[in-house]
Each structure stands twice: as structure tokens, then as C-alpha cells.
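Excluded from the calculations below are hydrogen atoms, water molecules and symmetry mates; all remaining heavy atoms, backbone and side chain alike, are included. Letters A, B, ... are given to chains in the order of the sequence lines, protein chains preceding strands, and every chain is numbered from 1.
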Amino acid sequence: MIDRGEATDSVRPPAAHSPKKPTKPAAKTGRFTSTNGKKAVMAVTGAIMVLFLIGHVLGNLKVFSGAQSFNDYAEFLRTAGEPAVPRRTVLTLVEIVLVLAVGLHMWSAISLARRAAKARPVKYAAKRKNQAGGYATRTMRWGGVIIVLFLIWHLLDLTFGVANPAGSAGLPYDRMVQGFAPERWWVTLFYAVSLVMVGLHLRHGLWSAVQTLGLASGRTRKGLQLAAAAFSLVLVIGFLAVPFAVMIGVVK
Amino acid sequence: MSGMNLTLRVWRQKGPDDEGRMATYKVEDVSPDMSFLEMLDVLNDRLIVAGDEPIAFDHDCREGICGMCGMVINGVAHGEQRATTTCQLHMRHFKDGDTITIEPWRASAFPVVKDLVVDRSAFDRIIQAGGFISVPAGSAPDAHSVPVPKDSADAAFDAATCIGCGACVAACPNGSASLFTAAKITHLGLLPQGQPERDSRAKAMVEQMDAEGFGGCTNTGECTVVCPKGISLDAIARMNRDYLSAK
Ligand code: HEM
Ligand code: SF4
Ligand code: FES
């Protein structure tokens, strides 16, 4: 047996840590700035973005009913609420909510990632074996970064039209068709990769959000994970259907 | 039957301020019936005979109930055997010729004291922050004076099996103490005796967890897999619920 007295001769009471008062009195964490609070912010803002994505994919699928229908739908987004409220009121409100959601989501993601890095300053020498989490779980952070980069490109391309052959003056349908034209295959490729990232993000994110808000339980967890995977798959297929249809000429 | 010959790569660190390094040892003739800690005892005996400093590691009960014996074995907290503490891990799960990497729990909130020994008093402070109930001191209450539904009693008991070993923190890619903290919150929050402090407990314990410098949970589920007591993610959902709805 080990004689601890000898074995631990250089043990001193870890002065810096007993009783550990955080050196910088840990910024008093309120309901939304604690780790749990930030996660809740992430879950709620994530859910808002998911609602948006559902609307977005359903709108996109209108290209399959022709240019008229798609352009009318785009116009409706701008005129919704008229004449009670001026043109673009509803759309602008939605945009504000989305920008806030993206901003808060990224704020919590970044501050939690930094906290996590500080919580494990010394890494394991043995290659850490993931015991539970899949690829989706491990790519939440970098996947998120790819999603933001994509989002910026996507807005420049199809919303503002500055990176689009049809330009900002073109009709939405033209921007879509010319943007995903076969010779711009690299756009479609980037779009596809990013959407797969979105799918992976939601595969973990959706059930994770439910868990974070404390609504998951042992009985529902497996089902939630399956539902998250199924939903993400359908969403990604829905989004990818449009550029691929344009690329192979089904929509022109 | 001759025993196994193993190569160990072990974290050696003279004290809290030492930088630390991996050291390599050969251990010969290890019986498959030894526990992992007995194997280390054998190595330590040889180290002592050779005039070397033995490898410091924590242990107490050696029967899987005290939670002292944490180490990361080949990158997995408590080793790859499920629902098993290091002291209950047996050498029959290894093969002759294996190289085994042994490291302490890695978390800024668990500073290394020496070699494989870490200071887990951060957990004690989390418990102090709210892991208690108010009881009228005095003689023991009559059995069943407070009825507890069977479901709650079972679930509370499951949560109460947490031995505070810290494997959940060691395994978590974020260095989060959520599973431990949640196990305590669940254990007390499910029982009628735990209701008066239910809100303040969730808030205080989560805040203490943050103040200790643990990371946040991202629901990776790594913790529950290595937990020797199989504490489930349900506990974390419950902690989140109690925390978010606390007044
Ligand atoms: C802007 C770039 C983004 C970044 C940096 C990012 C990052 C993250 C991170 C780090 C998490 C936590 C991961 C975890 O719990 O393991 C997360 C969760 C989540 N994200 Fe994102 N994300 C981004 C965009 C999005 C978008 C566009 C959506 C929705 C369409 C979304 C939906 C979600 C959802 C629903 C969660 C689950 C919340 C939770 O875990 O409680 N995220 N995100
Ligand atoms: S939850 Fe499990 S792994 Fe974490 S301290 Fe308790 S017993 Fe150990
Ligand atoms: S020594 Fe007590 S649990 Fe391993």
C-alpha cells in the first residue's frame, strides 16, 4: 500500500484554491448570463430561426409552381399587412427579430465556447474517445461558423443581389434561376455543403434545445432525437431541391 | 499462468506548481484478477524499492462507492468499462502487451494536487451552496410521516447514487459539472422534504458551478456514458427546468 505521507511529500494545501474564491469575483451571473441562461437564450433564438427556416423552405418550394407564383409570393412578403401598415412593415419586423436571434445565438455560442476552453486548459494526452456524441454534436461550433459565412454570402447573392448575375434589380425568380445556373456550380456546391451543416446543426440542436429548456425526459429523449434527425433531413432536402432543380434544368 | 506485461504512460506532476509530464513504466506479470488500482500498487511497490517516488492516486473504499478513485484511462474517465469506477475495473479487460495511458481529471476547477490526484473541493462548494434541506433537528422523524410517491422515491434514489467522483467533468468536452450538480438537484427536488429550497437550490448551485469555472453543458451526453452510477441526462433536464422556472 502506498504510504500517503511519503507519496505525497510535496503536497501542499492548494493555496490558490482553498476555499476557492474566484479571483475575479465571477461576474454575478444573472438568469440569462449563467451557463444555463445562455443555453436557454441559444435554445430560444435557435427555435426562432427554425421557425423562420420552415417558412423559408415552404416559400422556396413555390418555384415549382412557376415564376409567377414565386414572384407573387416574394411580393406578398413585402406587402403583408397592407394597407393597415405601410409596405415592408411586417417583413422589417421579421428581419429585426431574425437579426436579434442570430446575434444573441452567436453571443451565447461564443461566450460558452470560450468558457469551455478555459474550463479545460490542459488537454488529454490520450486521444479523447467520444463515447456518446456523434458528428453533429461535435460540429456545432465550427458548423455554426460555416453557417454564418454561408448566411452572409446567401444574403449578398439572393437577397441584395450584389453577388448575383441577375443583380438587385432582377425579379426574385430570376435571381434564383441565374444564381444557381449550371456554370455557377460552385455556388450550388457551397450552398449544398452549408445546408448539410445546417441539417447537422439542427439534428443535435433541435433535441438539445428541448433538453436545455428542461422539457425532455427519459421517455421522450430517443423520440426527440429521432424527430430532430427526421426534421433536419426533410428540411435539407426541401432546401436542396430548388438549386438542384435549377441545375438540372427542371426549373428555368 | 503467467501474467500480462504492460506499458503504462502515466502523468507525473510533483505538485500543484509543477508543470508535469508523461512518464513511461513497464509493469510485468500483472494478474488479470488484479484491479486497476492493485496493478498501480504493484508498480508503486517496485518504484519504492527502486528508490523512486510512487505514483500518487486517490482511492479509499475500493468498492465503487466513495468516488475517490478517478483517473482517465486511455482517454476515457474510469476506463472503457461501463458503469464501473477505476477501483472496480479489473485487469482482465486489458491484453498482454497493451500500452495504457493514465491521466488525472482535466479541468481548471479540479487542479492537480500531485500526479493523478486532483482537488475536487469545487464539488463540495457546489453542495454547500444548496445541496441541503432544512430539517427540524431533533429525534428521527417517524417513518412514513411524509408520504413519498414510489416513482419519486425511486428516481430520487437513482440520482442520489452519484458518488461525486467527477468523471462527468473529466469526460465532458466543455468541462461542465452539470451532471453532478443536476444529480443533487434532482435527488432533493424530487422529495417533499426538498421542496422549500427547490428554487433557491437550483439557482445557488448553478451559480456556484459557474463561479468554480466549470464549462456549460452542450448536451453531448459524454458524462452519462462514463458515469459509474449511470446518472441520466434526465437530471440535467430537470436542473434546467428548476433553474429556469425558479423565482
Ligand atoms: C449563426 C451561426 C451559428 C452558430 C455560431 C451556432 C452555434 C450554436 C452552438 C454552439 C450551439 C450549442 C450547441 C450545443 O448545445 O451543443 C447551437 C445550438 C443551436 N442552434 Fe445554432 N448556431 C448558429 C446558427 C444557427 C441557426 C441558423 C439555427 C437555426 C436555424 C440554429 C439553431 C440552433 C438550435 C435550435 C440550437 C439548440 C439550442 C440548444 O442546444 O439548446 N443555429 N448553435
Ligand atoms: S454524476 Fe456520475 S460521474 Fe458525475 S460525479 Fe456523480 S457519479 Fe461521478
Ligand atoms: S476507491 Fe472508492 S469508488 Fe473507487
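- Close approach to chain A, defined as a heavy atom under 4.5 Å from one of its heavy atoms, is seen in Pro173(B), Asn174(B), Gly175(B) of residues 173-182 of chain B, taken by number.
- A salt bridge between Lys150(B) and Asp154(B) is present, with a side-chain N of the basic residue lying under 4.0 Å from a carboxylate O of the acidic one.
- For chain A, the nearby parts of Ala170(B) are the backbone and the side chain; heavy atoms of each come within less than 4.5 Å.
- Of the listed residues (Val225(B), Leu233(B), Ile236(B)), the one with the most heavy-atom contacts under 4.5 Å to chain A is Leu233(B).
- Asn74(B) contributes no side-chain N or O that, together with a main-chain N or O of Ala126(A), makes up a donor-acceptor pair within less than 3.5 Å.
- Proximity to chain B is absent for every atom of Lys38(A), based on heavy atoms less than 4.5 angstrom apart.
- A donor-acceptor pair is defined here as one N or O able to donate and one able to accept, closer than 3.5 Å; no such pair exists between the side chain of Thr35(A) and the backbone of Gly216(B).
- Using cut-offs of 30° and 60° on the angle between ring planes, the pair His154(A) and Tyr191(A) is tilted.
- Of the atoms belonging to Arg221(A), it is side-chain heavy atoms, and not backbone ones, that fall under 4.5 Å from chain B.
- Chosen from Val226(B), Val72(B), Ile102(B), the residue pairing most often with chain A at heavy-atom distances under 4.5 Å is Val72(B).
- Note on Ala136(A), Ala125(A), Ser217(A): by heavy-atom pairs under 4.5 Å with chain B, the leading option is Ala125(A).
- Proximity to chain A is absent for every atom of Cys223(B), based on heavy atoms less than 4.5 angstrom apart.
- Ring pair Phe36(B)/Phe94(B) is tilted by interplanar angle, where 30° to 60° counts as tilted.
- Phe57(B) has its side chain within reach of Asp41(B): a pair of non-hydrogen atoms, C-beta onward, lies under 4.5 Å apart.
- For Arg106(B), the parts lying under 4.5 angstrom from a heavy atom of chain A are both the backbone and the side chain.
- Taking the ring centroids of Trp105(B) and His78(B), they lie under the 6.0 Å cut-off.
- Nearest heavy atom pair, residue Leu37(B) against residue Cys87(B), reads CD1-CB, 3.5 Å.
- The candidate from Thr101(B), Val112(B), Val76(B) with the greatest count of non-hydrogen atom pairs under 4.5 Å with chain A is Val76(B).
- Take Glu80(B) and apply the salt bridge (Lys or Arg N to Asp or Glu O under 4.0 Å) test, not counting sequence neighbours, and it matches Lys129(A).
- Rounding to the nearest 0.5 Å gives a distance of 9.5 Å between CG of Leu40(B) and NE2 of His59(B).
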